[in-house]
Each structure stands twice: as structure tokens, then as C-alpha cells.
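The model shown is predicted, which means the values in this text are computed figures rather than measured ones. Proteins get letters first, then strands, A, B, ... in listed order; numbering begins at 1 in each.
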Amino acid sequence: MTENRFDPSTADGRWQRAWDAAGTFTADSNSDKPKSYILEMFPYPSGRIHMGHVRNYTMGDVLARYKKMQGCEVLHPMGWDAFGMPAENAAMEKKVHPGAWTRSNIEAMKAQLKRIGFALDWTREFATCDPEYYGHEQALFLDMYAAGLIDRRSSEVNWDPVDMTVLANEQVIDGKGWRSGAEVEKRKLDQWFLKITDFADELLEGLGELKDWPDKVKLMQENWIGKSSGLEFSFELSNGEKLPVYTTRPDTIFGSSFVAVAADHPVAQALAGDADVAAFIEECKKGGTTAAALETAEKLGYRTPITAKHPFTGEAMPLFIANFVLMDYGTGAVMGVPGHDQRDFEFATKYKLPITRVVAKDVSEADAPMGNEAEAGDGVIVNSDFLDGKTVEDAKADVIARAEAGGWGQGTTVWRLRDWGISRQRYWGTPIPFIHCDTCGIVPVPKDQLPVTLPDDVDFETPGNPLGRHATWKRTTCPKCGGAAEREMDTLDTFTNSSWYFLRFASQPVDAPFDPAEIAKWMPVQHYIGGIEHAILHLLYARFWTRALSSIGKFDVKEPFAALFTQGMVTHETYRVGDGPWLSPAEVRIEGEKAFAIDGGEEVERGRVVKMSKSKKNVVDPDNIIANYGADAVRWFMLSDSPPERDLPWSEAGIEGCYRFVQRLWRLFGQVDSSATGEDKALARKAHQAIVAVAEDIEALSFNKAVARIYELTGAAEKAMPSESRNFAIRAILHMIAPMMPHLAEEAHELLGESALIADATWPAHDPAMLVEDEVTIAIQHKGKLRDTITAPKGAPKEDIEALALASEKVQRSIDGADIRKVIVVPDRLVNIVT
RNA sequence: GCGGGUGUGGCGGAAUGGUAGACGCCGGGGACUUAAAAUCCCCUGAUCCUAUAGAUCGUGUGGGUUCGAGUCCCACCACCCGCACCA
């Protein structure tokens, strides 16, 4: 070989074009091969591919190419999650249409993905803002409506009283609107809901089948669904009404010292004639709607003149209106047990209400004083009449049984999961296919009138809902009575777009959302890869849509993703001078431990390594890196070092190391010597072991370990003398790196005289006989510390190993004549001598 | 506030309860070269030391179980992710 360097700037494009021309990665659903559907969470077209995308898609790409080498027919598609707020923000800031902005972003990002050489089936590409896509989504939505899975009710949103617009949680900063700076209020609107709670039990039970999901994600979903059992019962109020409450701790009922209702509870609303009560309810409306905001806000209460009668003691307890009680959970009213619930404790402390101990470690500690926080732990019941001495579990059952027998309450199951509100007061989303008619009420758009498309001529100058302001779009006729009517102006939450896109990838008929026969062939997704930030919402919604569509007979799949993998983020050091503006890596020169601003030469503080973000300016653009080092070096970096579920710190030194390795491999591939003869058993054994180990590592998505093994085998092959074994090892390395560094692999494959694409090659075969070693190294410990190691034949009897261990001079010196009390021998591994 | 996770050399990390630090990066020394780049070789957890040897310490902190703990148990600390209208 004369040319000694691999040149990605020519090779990358050449092989990308070759794959395109051959249709190498176009999935054939009629193939006889076993099917494998590999999917990464599709991107939002924000404008540029970032390193997080590169990492995510590289992992999926390695899996897809590997599965193909193992003989599978692989479906590995790509598309665009194209609706969302940033497009409307761009419209306001840059005066471009959200659609035009989105389309040009897609074009730019697609070109970027192509330059990285991903093995994607681009014939199935779509964007969720395509009317063909969202029209089918509208049809599915109407099917769910017909099946009773959708309803409409009032719900709270963040309201900006200055801009007169609904704000997303993200747009509420410290309780204030992000543009106006006005104090945000809660406001009620009529909105559409998907009845995900109808599937709460199924979604919980279904987690059990997901063997290849991370336990942590399943646990998070389980807690999110939040199945709890408890007691629902009614207090008799002093005004003659009954107040239903729900509690998960009926065992602590004797510790109850107050009752509280939510500010929007009917009991509170009925008192709103009083100016003080009205003012308090108004006060409760302040602030945003997030759980974090509600739970960290100061606990506020208003003591009403009403009292509630304790069901056992008959005591009259004060009734409060409280800001920490949620109308959405349980019945919107709670019994307050300050001794054993932290929120109740804080509330009781503030309003000087009795705090009674009713659970103790032991009966003898019934009178132990309470500390400065609630005790939510387990124990026995005390100070509770007939419950005294019972365990928490027994007491719960006893109280529920007595309530049911007495007819004043019953044991119930309550879910933390709430129905999914899908109405958004925005333009750039799927129009909700309903019509509001004064005569007929709410009428679904007939399916033959779908898709309901977005109008193009909209203005974003004034805040609020652009569809509502449009001159003509909302005007239509009622499908029922033919009279004048208005279209629904809200659009669907973008999470609905990502709840079924994986089904559309599997088949794309024109006249239907999907083809059930194709779904049967490809689903479930064999490997789904994406960020941990989607652990709950997106994944739960996608599971829900799959089950909901399955329940109405669309297909026969219950769980969409057989295996899930959540990858870590790509991080980078941060740079700034004092409290000044952040500097990007490109604006900084590193010298040893120190860093200096290129512009001005000032010393720059090297800050923490955090997720790459625009706000910290610690971003590295994949395009520049690919231009400098080629796609394969970047791909290799993404797979090296950090375990894929952890964060990956980007560094210039690291990518340079990867580039050097690309060149090292290139030189090695040039050293296949067809005239070489003879066997190099040690090297051959290493190669066979690596073939098995790398395959196992890829299947476990432990790419960092696969990379380490390839480094080891490469080092051994470089040092070895020419032989047939060495040629075998080099070719094995070539095939093993093919899924990871496909451009280099194709170029070397061609150089070795192969005419076919290595992308179509099969994974190298191994000889099982070559996997076992004949000798093992055994560690000898004394007093728990390593004293010596010995070499012994594999599988040697315990007695022989013990004798060898005791014969060691170093071991004898350490024992120093002491009595040997015990010798533990772990075959082929270790001897531990206890004196 | 609630739920989930992570913590090992200068850095990223490896390690079925069994030799802690594989592999990579950084750094140091050397070879090659007129020189540089590239490449190759050696060293590289800390401390002590009579120094090719040996000893002690060492996996966030404090306890515990075990012949043996990075790994299991208990308590704590720090950081990260999510919290339902960001995607």
C-alpha cells in the first residue's frame, strides 16, 4: 500500500452514496429473515443536530448494522417530531412562518445525519407536521372519541394576565410570565382529556412484562401511576352537608385534628360570598400549576366557621380551606393527621392545631413527645381506642371494615395518575377535529373531511391563540344541522404526535394510519433508545396509545417497546471570566491546567462539566468535528469510554485519540499478508474470544466494553508476526468495527479485494474450542491481602492448589509460623489462608 | 417538597461477593528525523522505604455482615434527572 492515511473527506461521502445507490438499508417487509426494528427517539427539528443526537443515533446505528450482520431484516427509520413551541417562538422573533422554519431545519438536519453515515431507511421518513400524518392522527383521535376514551372538562392552566395568554410551565419563571414578567395566575378552561386512567391498571400490570426495560424506569412509571388503597368516607359537617374525603392512612384516624378542602372545592366555593373567603381563594390562585411550585409554596389555610364531626370520637374538628390540597387527587378534601404526615405537620404547627402521636415504635412509647417533624414510618398504633397495639396494616384493615360495616365509608383504590389533558392554545400543532355548534353542541368532524389542516396565513404579532384570531379559518358549518358553526381552536399536545409515530414507520398506507399486517410483522420495536428525561411522560403516553388502539381493535400489540435503553447526556467543560458571559469552547485556548480567552488573552475559569447547552455555550458542533476528523472518529468517540447510560464528557483530546485509532486501524488493515503461513495460537485464541465478547457487549449495549476489547485485540495483532492467525485476527477486527466505523470498514474491505459491501457482510464466525484457556492465574491471600499469585492448569483439584499455595515462599513469610485455622480454595481463582 | 439515579487514580472508566484500577485520555522519559509532524518503545494511584525487593493506605462519609466488600445491609453527604402545557 502506498497511501498510508485514511482520508474521511473523500471516503465518507463515497460510501454514503454507495449505500444510498444500493438501497442497503431499505427495509424489506417481505423478507424471510427474522425482523428487527431498531428505533431511536426521533428528533425535534430545532435547527442543528447536536452531540446528544449523534450519541443517541450512533448507538442505534451500531445495533442496526450489527443485527443486519447477524442475519436480520432490519427496520431502522428516521423522522421528525415537528410540531412544538420553538417554531412559534421563531415566528415571533424572526418573522418566519413556523412551517417554513421547521422545513428548512429538517432539510439541514437531514443533511447532517447523512454526513454521519447512519444506516437509516430514508424511504419511510416523515414529519409529524405533514397533513398526511396529522390527518391520520385526527382520525385515530375520533376513533378514540367514538370508543369513549376522550372527554371534555374544566382544568387549570397558567394564565399571564398582562399578555392575556396561556403559558407553558417552561414559560413560567419564578412564578412570573417569561415575557411580561407579570405574576402568573391559575385559570380554568374547558379542555379535552384522554382517559389514560381507564388504563391505569393495565399500564401498571404491563410493566411486569417489560423484562428488558431498566428497573429504574419501570419503578418511576409505577410511582407515577401511583396505585394506592385507602378509605373513602364522609365527614358530617356542622352545616348539615356531607364531605367525602380520601385517605391512604385510615389507621391514623384518631390522630386527625383538622379537615381541609381545596380552594376550588364546592364547599369552599359556597363560602365565597364572604369577602375574606373570596380574598383567600383569590390568594390561592397565585402561582403556577406545577407540582414543584405547589408543594414548595408556603402552606396557607383559612379557618372556616364550619366544623366536621370525627366518625369515632364525635369531636368537632375545624374545617380549613388550604392551598396544598389538590382538587385533582382523591376527593379534593383531606383529614389532617399532623403527627404522621409532613404537610399536615407544617400546617398544624402554623395554625396551632393539636399534634397527637398515634403511631409509635412500641406501645410503651405511646407518650413519647413528637419531634420537629412528622413520623411517617411503620410501628404500632397508640392513643387510638380499639386500634391500640395493632400494626399499621391491621389497623388500616380494621378501620376500613368498621366503616363498611357502619355504612359510612368504603375501602377504595386511588391512582396518582391523572387523565391526560391534551388541549393546547397554540397554532403549531395538530388541530383538534371538532366543531362547536350553538344548536348541536360539540360535533366531531366527519372522517371524509379530514385532515383539518392549519391555515398558512396567521399572525404571531399579538400573543394568544393565532387560530382564534384568524379571520376565516374557524368559520364552518355544522356537519349535523348544516348551520353556521366554529371549529375547535385548540391543537393537540405534541406528545400525541410521538405516541404512535413508531406505528407509522412500520407501514405507511395513504388511506389509513397504518396497516395491521405490517404492524404484526415489525412490532414491537426490538430496541428503543433515547434520553432518560422521557422515562415517564413520552414512554407512558406511547404505551397508553398502543394499548388504547389495541383495545379498539386496531391491531394486536399491547406493548410498543420490547427493550428500552436510556442513554446519558453529552457534557462539556464550561468557561467564563468571573461572573461574565459564558465562552464557547471555540473561544478558549487550553494550556495545561489553564485556559485563556483567544480574544484578549485573559485567563478563563475552567468550570464544571455539564450538559451541553446554548445557555452555557459549552456546545461543540458535530459538523465542524466531522469536517476535521471524519464521521468514524466521532462515532468511535460516542461509543468509547463512558458506559452508554452515563454522561459522556466531550473533549478535544478524546476525539484526537479516536482519530489516531482510525489511522492505526487503517495501517493494520493494510498489513494482511496473503503469503503468510503458520499458526499463532495465542493471537487466534484472543481473536475468537473477542468475536464472542464484542457480540455480547453490543447486544448488551455495553459499547464501551466492546471498544476496550477491540483496542486490546488490535494491540496484540499489531505486535504479532505475520501468520494465518494474524490475517484472521485482522479480518475479524475489520468486521467487528464495521458497525461502529462503517466508512473505514468499507474502504479497507475494498482494499482487501472484496467487491461486496461490508454492510452486507455477516458477523465473523468463531471456534468454540478456541475460547478456553489451559492455564489460570490463582491469587493467594493471607489476612485478606494478596501475597502471591501462582499459575496452575485450569480445573486443577483443590488439594493441589492448596499445596501449591502453601509452598509459596512469599506466603510462608507472611504466615510466619502462625497456626493455619482455615484454607478457602475457590477453584481457578483464589486461595485464602486464615491464621 | 415528592419520585428516580449517580459517586472508583490527574480525567473517562473496568471488575459473576474472590488479584481494585482492564482499556482509553492526559502527563513524563526514550527511539526515529537535519528538524518537525506522524509513528514506535518504556513509565505513570498515594505514602513510606534499607528502592528491580518490601510495607502501609486506598472505590463519597460513618457503621455493619463475611475467610474475603467497589460489589450486600443500615445511616448520612454531594451532585444529576423528572414532577403532568419544554421536547
Side-chain angles (χ1 to χ4, degrees), chain A residues 4-5 41 43-44 46 81 83-86 155 157-158 166-172 191 196 214-217 219-220 222-224 226 288-297 324 328 342-343 346 416-426 493-495 497-498 531-538 540-541 566 568-569 571 592-593 608-611 640-643 645-649 651 653-654 656-658 660-661 663-664 667 704-705 707-712 715 718 777-789 810 813 821-824 826 829-834:
Chain A
N4 243 354
R5 293 187 75 74
M41 293 178 184
Y44 177 78
S46 56
D81 189 12
F83 277 135
M85 261 193 333
S155 174
V157 292
N158 300 305
V166 175
L167 297 179
N169 284 336
E170 191 189 49
Q171 298 171 315
V172 179
Q191 307 198 58
I196 189 171
D215 288 338
K216 64 173 173 181
V217 174
L219 188 57
M220 284 160 90
E222 186 182 322
N223 290 336
W224 186 263
T289 58
T290 67
L294 293 173
E295 284 167 32
T296 53
F324 68 89
D328 290 329
Q342 188 57 28
R343 285 173 313 181
E346 288 170 31
R416 205 188 76 98
L417 183 68
R418 306 199 302 259
D419 277 335
W420 173 13
I422 39 80
S423 296
R424 297 293 180 271
Q425 296 69 42
R426 275 193 266 285
D493 179 4
T494 56
F495 269 123
N497 306 139
S498 53
I532 184 70
E533 66 274 18
H534 295 292
I536 297 176
L537 294 180
H538 161 59
L540 192 63
Y541 292 151
T566 56
M569 298 174 302
T571 59
E593 301 278 289
R608 291 172 32 143
V609 178
V610 296
K611 177 180 181 174
S640 304
D641 295 351
S642 289
E645 68 278 9
R646 287 229 218 134
D647 289 351
L648 172 70
S651 75
E656 280 175 11
C658 292
R660 280 199 297 273
F661 187 63
Q663 298 302 340
R664 228 176 110 189
R667 288 191 296 275
N704 57 321
K705 292 191 219 169
V707 162
R709 289 184 202 284
I710 289 169
Y711 271 118
E712 277 187 277
E718 284 170 336
T777 306
I778 294 173
I780 309 166
Q781 293 182 340
H782 173 233
K783 290 193 219 162
K785 289 199 172 62
L786 181 73
R787 302 296 164 179
D788 199 3
T789 57
K810 287 178 184 173
R813 207 188 310 149
R821 288 194 290 156
K822 202 171 171 189
V823 178
I824 289 152
V826 182
R829 274 203 171 264
L830 157 147
V831 179
N832 193 6
I833 299 159
V834 188

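- Using atom C1' as the reference point in both B:U19 and B:U59, the two lie 16 Å apart (nearest Å).
- A distance of about 36 Å separates the P atoms of B:G64 and B:U50, rounded to the whole Å.
- Atom name C1', nucleotides B:G13 and B:C49: the rounded distance is 32 Å, in whole Å.
- Atom name P, nucleotides B:U56 and B:G1: the rounded distance is 46 Å, in whole Å.
- Note: CG (A:Asp641) to P (B:G10) measures 18 Å, nearest angstrom.
- A gap of 11 Å separates the C1' atoms of B:C32 and B:C41, to the nearest Å.
- The separation of B:C42 from B:U47, taken at their P atoms, amounts to 25 Å, rounded to a whole angstrom.
- Base orientation of B:G29: anti, since the glycosidic angle falls outside 90° of 0.
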Pairing string of RNA chain B (Watson-Crick or G-U wobble, both atom distances under 3.5 Å; | = paired to other strand) is (((((((..(((.....[....))).(((((.......))))).((((.....))))..(((((..]....))))))))))))....

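- Here CG of A:Asn832 is found 10.5 Å from CG of A:Leu786. Values are rounded to the nearest 0.5 Å.
- Side-chain N/O atoms of A:Asn704 include one lying less than 4.0 angstrom from OP1 or OP2 on B:A14.
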Contact string for nucleotides 76-87 of chain B, one letter per nucleotide 5' to 3', B = base within protein heavy-atom range under 4.0 Å, S = sugar-phosphate only, - = neither, reads ---SS-SBBBBB

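- Under the 3.5 Å distance criterion, the side-chain polar atoms of A:Asp647 are left unmatched by any main-chain donor or acceptor of A:Gly568.
- Nucleic acid contact class of A:Ala535 (heavy atoms, under 4.0 Å, all strands): none.
- When heavy atoms are screened at a 4.0 angstrom cut-off, A:Thr777 is found touching base atoms of the nucleic acid.
- One finds a side-chain N or O of A:Lys705 lying less than 4.0 angstrom from the OP1 or OP2 phosphate oxygen of B:A15.
- Looking only at distances, no side-chain donor or acceptor of A:Arg424 sits under 3.5 Å from a matching main-chain atom of A:Asp493.
- At a threshold of 4.0 angstrom between heavy atoms, the contacts of A:Glu712 are confined to the sugar-phosphate backbone, with no base atom among them.
- Heavy atoms of A:Val826 sit under 4.0 angstrom from at least one base atom.
- For A:Phe495, the ring-ring contact (aromatic ring centres under 6.0 Å, His included) criterion is met by A:Tyr541, not counting sequence neighbours.
- One can place CG of A:Asn223 at 9 Å from P of B:G5, the figure rounded to the nearest angstrom.
- The side chain of A:Ser642 sits closest to B:G13 out of B:G4, B:G18, B:G13.
- Atom CG in A:Asp215 sits roughly 11 Å away from atom P in B:U6 (whole-Å rounding).
- For A:Glu656 and B:C25, the CD to P distance is 11 Å, given to the nearest whole Å.
- In this structure, CG in A:Leu540 is found 9.0 Å from CH2 in A:Trp420, a value given to the nearest 0.5 Å.
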The contact string for nucleotides 41-58 of chain B, one letter per nucleotide 5' to 3', using protein heavy atoms under 4.0 Å with B, S and - for base, sugar-phosphate only and none, comes out as S------------S--S-

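- OP1 or OP2 of B:G13 has at least one side-chain nitrogen or oxygen of A:Arg646 nearer than 4.0 Å.
- Atoms CD1 and CE, on A:Ile532 and A:Met220 in that order, are 5.0 Å from each other to the nearest 0.5 Å.
- Taking both residues in full, the closest heavy atoms of A:Ser498 and A:His538 are given as O-CE1, 3.1 Å, listed atom of the first, atom of the second, then distance.
- Sequence order on RNA chain B of the closest nucleotides to A:Pro649 and A:Arg343 puts A:Arg343 first from the 5' end.
- Counting to the nearest Å, the C1' atom of B:G24 and the CZ atom of A:Arg660 are 10 Å from each other.
- To the nearest angstrom, P of B:U66 lies 11 Å from NZ of A:Lys822.
- When heavy atoms are screened at a 4.0 angstrom cut-off, A:Ile824 is found touching base atoms of the nucleic acid.
- Look at CZ on A:Arg667: it is 6 Å from C1' on B:U39, rounded to the nearest Å.
- The shortest non-hydrogen separation linking A:Gly531 to A:Met41 is N-SD, 3.8 Å.
- Closest-nucleotide positions on RNA chain B for A:Thr789 and A:Thr296 were compared, and the one nearer the 5' end corresponds to A:Thr296.
- With sequence neighbours left out, the salt bridge (Lys or Arg N to Asp or Glu O under 4.0 Å) criterion links A:Asp788 to no other residue.
- For B:C11 and B:A69, the P atoms lie 25 Å apart once the distance is rounded to whole Å.
- A donor-acceptor contact shorter than 3.5 Å is absent between the side chain of A:Asn704 and the backbone of A:Ser640.
- A:Arg416 and A:Trp224 make their closest contact through NH2-CE3, 2.8 Å (heavy atoms, listed as atom of the first residue, atom of the second, distance).
- Of all the heavy atoms in A:Ile833 and A:His782, the pair that sits closest is O-CD2, 3.4 Å.
- For B:C76 and B:C23, the P atoms lie 40 Å apart once the distance is rounded to whole Å.
- Taking the side-chain contact (heavy atoms from CB on, under 4.5 Å) definition, one finds that A:Glu222 meets it with A:Leu204, A:Leu207, A:Leu219, sequence neighbours left out.
- Spacing between atom OH of A:Tyr711 and atom C1' of B:G13 amounts to 13 Å, rounded to whole angstrom units.
- No donor-acceptor pair under 3.5 Å is formed between the side chain of A:Thr289 and the backbone N or O of A:Asn158.
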